[in-house]
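Taking it in order: structure first as structure tokens, then the write-up.
None of the values given here were measured: they were computed from a predicted structure.
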Amino acid sequence: FKSGMQAELDFLTVQGNEVAKNKELIRYVLSGDSENLILLMQNEKTSRSIGLMGVTNEQGVVLGRTKNPEKLGDNVFLSS
């Protein structure tokens, strides 16, 4: 069980690191373009076979997510 969970965690870590290097994603984050950020995330989620994705700033404020994409600005560090 642990090895399966570790493999999944490793897979998601690699996928997240690759997505974080995407120049379009970086441009959308820096410009505050949440509409195109969410579209890009939805495409990445599908092409990488990931269940859901979210992007936050350093403080944990949601800049975009694939589940409930209309919900932005909440803080995932403070969520219960």
List the atom pairs, donor and acceptor, that lie under 3.5 Å between side-chain atoms in residues 40-53 and the rest of the protein, sequence neighbours left out.
unit_1	atom_1	unit_2	atom_2	d
Asn43	ND2	Leu39	O	3.4
Glu44	OE1	Arg48	NE	2.6
Glu44	OE1	Arg48	NH2	3.4
Glu44	OE2	Asn22	ND2	3.1
Thr46	OG1	Gln42	O	3.1
Ser47	OG	Asn43	O	3.2
Ser47	OG	Glu44	O	3.3
Arg48	NH1	Gln15	OE1	2.7
Arg48	NH1	Glu18	OE1	2.7

Checklist entry - Which residues satisfy the side chain to side chain contact (heavy atoms under 4.5 Å, CB included) test with Lys71, sequence neighbours excluded? => result Arg65, Asn68, Asp74

Next on the checklist: Just to verify, what does Leu9 make a side chain to side chain contact (heavy atoms under 4.5 Å, CB included) with, not counting sequence neighbours?
Outcome noted: Gln6, Thr13

Kindly indicate whether the side chain of [X], heavy atoms from C-beta on, has any atom under 4.5 Å from the side chain of [Y].
X	Y	answer
Met5	Glu8	no
Ile38	Thr66	no
Val61	Asn75	yes

Item to check | Closest non-hydrogen atom pair, Thr56 against Leu63 | outcome: C-CD1, 4.0 Å

Item to check | Nearest-0.5 Å distance, CG of residue Leu25 to CG of residue Leu30 | outcome: 9.5 Å

Next on the checklist: Within the supplied structure, the quantity of interest is the number of heavy atoms (other residues, nucleotides, ligands) at a distance under 6.0 Å from Glu35 CD; does it exceed 12?
Outcome noted: no

Next on the checklist: Do Phe11 and Val19 sit in one hydrophobic cluster, given that two such residues count as connected whenever their side-chain heavy atoms are within less than 4.5 Å of each other, even indirectly?
Outcome noted: yes

Next on the checklist: Suppose we screen for side-chain hydrogen bond (donor to acceptor under 3.5 Å, both in side chains). Which residues come up paired with Gln59, at least two apart in sequence or across chains?
Outcome noted: Asn57

